[in-house]
K.L.:
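Below is one structure. I have some questions about it.
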Amino acid sequence: MRRPVIAGNWKMYKTQAEARAFMAKLLPLVANSQHCEIVVAPPYTALAATAEAAKGSTITVAAQNAHWEKEGAFTGEISMPMLVEAGCQGVILGHSERRHLFHETNENIAKKVRAALDNNLRPIVCVGELLHERESNLTHAILEKQFEGAFAALTADDFSRILLAYEPVWAIGTGRTATPEIAADAHRYLRELAQKRFSTEKASALRILYGGSVKPDNIKGLMAQVEIDGALVGGASLDAQSFASIVNF
Ligand code: PEP
């Protein structure tokens with residue numbers, strides 16, 4: 001039985017004060033939500049304030065990106081040990097906005113996955129196809145390339161520490177959710193890749209989150225699919241009430 005994970009990606013939203021106010025609202029709404037893991041991913045400047053507010057609860061904090069080096073002349077970057085110091089337990093890597101707006105490559109994502117694991121941070125690795133790739137029947141080919149690109153150098157034990165998020169780019173922030181069946185088909189394919197690359201046991205333990213316009217009114221249908229082990233939520237995670245409704249699907 002895979003325990004669901006509901007993760008909120010705040011993107012470039014919320015100051016420290018707003019993060020504290022959000023957590024104060026969210027905590028009582030999910031105080032009895034033992035059925036799933038809850039993760040919030042604030043921007044860098046609000047990580048420590050959010051981690052502080054989450055203390056004593058089951059909510060964990062993840063960052064939205066990080067550099068693979070421990071330190072160095074990398075202006076504007078943040079390292080994995082810095083995230084640990086800020087109170088993070090995880091880090092989102094390879095989000096489509098990083099891949100497409102900031103030109104992140106599979107090669108760099110693989111280095112970040114390695115660095116996260118070496119620093120005891122759980123990577124939440126995002127994969128997903130663009131609309132024209134889906135329309136050209138390239139979805140599986142793209143997923144395979146991104147999967148292999150991020151994970152080829154990992155051992156099976158490393159792999160068991162990862163969360164995977166399937167986020168079709170055409171569904172992110174567009175209000176156009178993948179149907180539960182479309183999402184489940186991609187998840188099944190990703191699990192097959194995990195089985196081929198690692199083992200049946202690791203593949204069946206792998207939790208694959210769906211992301212792309214998840215809202216309180218579509219989470220139930222998505223979670224009814226056995227292949228869907230949770231959600232990575234963008235826009236609808238910014239409001240405590242809406243995020244809590246998704247958590248309590
Ligand atoms: C995301 O940012 O990972 C995401 C899925 O965004 P949204 O829920 O707004 O589509």
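Atoms within each ligand, like the ligands themselves, are counted from 1 in listed order.
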K.L.:
Among I59, T58, I6, N248, which one satisfies side chain to side chain contact (heavy atoms under 4.5 Å, CB included) with S33?
P.N.:
N248

K.L.:
By number and element, which atoms of ligand 1 are closer than 4.0 Å to a non-hydrogen atom of S213?
P.N.:
7 (P), 8 (O), 10 (O)

K.L.:
Should you measure from each heavy atom of G173, which atoms of ligand 1 turn up under 4.0 Å away?
P.N.:
7 (P), 9 (O), 10 (O)

K.L.:
State the atoms of ligand 1, each with its element, that fall below the 4.0 Å cut-off from a heavy-atom position in L232.
P.N.:
3 (O), 5 (C)

K.L.:
Hey, any chance V247 and Y210 share a hydrophobic cluster, counting ILVMFWY side chains that come within less than 4.5 Å of each other, even indirectly?
P.N.:
yes

K.L.:
Report the distance from atom SG of C88 to atom CE of M80, rounding to the nearest 0.5 Å.
P.N.:
10.0 Å

K.L.:
Does the pair R99/E104 count as a salt bridge with the N-to-O cut at 4.0 Å?
P.N.:
no

K.L.:
With a cut-off of 4.0 Å, which atoms of ligand 1 are near a heavy atom of A171?
P.N.:
10 (O)

K.L.:
Under the salt bridge (charged side-chain N to carboxylate O under 4.0 Å, His left out) rule, what do D157 and K202 come out as? Steps first, then yes or no, please.
P.N.:
CA-CA 8 Å; D157 282 346; K202 300 292 181 200; 3.4 Å; yes

K.L.:
How far is atom 8 (O) of ligand 1 from its nearest protein heavy atom, and which residue and atom is that?
P.N.:
G234 N, 2.8 Å

K.L.:
Is the shortest heavy-atom distance from the side chain of F22 to the side chain of T50 under 4.5 Å?
P.N.:
no

K.L.:
Which of the atoms of ligand 1 are close to N9, meaning less than 4.0 Å from one of its heavy atoms?
P.N.:
1 (C), 2 (O), 3 (O)

K.L.:
Would you call H95 a ligand 1 contact, heavy-atom distance under 4.0 Å?
P.N.:
yes

K.L.:
Could you point out which residue of L193, L154, L206 forms a side chain to side chain contact (heavy atoms under 4.5 Å, CB included) with F198?
P.N.:
L154

K.L.:
Enumerate the atoms of ligand 1 whose separation from the nearest heavy atom of G235 is less than 4.0 angstrom.
P.N.:
7 (P), 8 (O), 9 (O)

K.L.:
Would you mind reporting whether V125 and F147 have side-chain heavy atoms less than 4.5 Å apart?
P.N.:
no

K.L.:
Give the atoms of ligand 1, by number and element, whose distance to some non-hydrogen atom of G212 is under 4.0 Å.
P.N.:
5 (C), 10 (O)

K.L.:
Which is it for A236 and ligand 1 at heavy atoms under 4.0 Å: side chain, backbone, both or neither?
P.N.:
neither

K.L.:
For ligand 1, which atoms, with element, lie under 4.0 Å from some heavy atom of G211?
P.N.:
5 (C)

K.L.:
Provide, to 0.1 Å, the distance between atom 5 (C) of ligand 1 and the closest protein heavy atom, together with that atom's residue and name.
P.N.:
E167 OE2, 3.1 Å

K.L.:
Under 4.5 Å between any side-chain heavy atoms of T155 and F159, yes or no?
P.N.:
no

K.L.:
Once you restrict to heavy atoms under 4.0 Å, what part of I172 touches ligand 1? Side chain, backbone, both or neither.
P.N.:
both

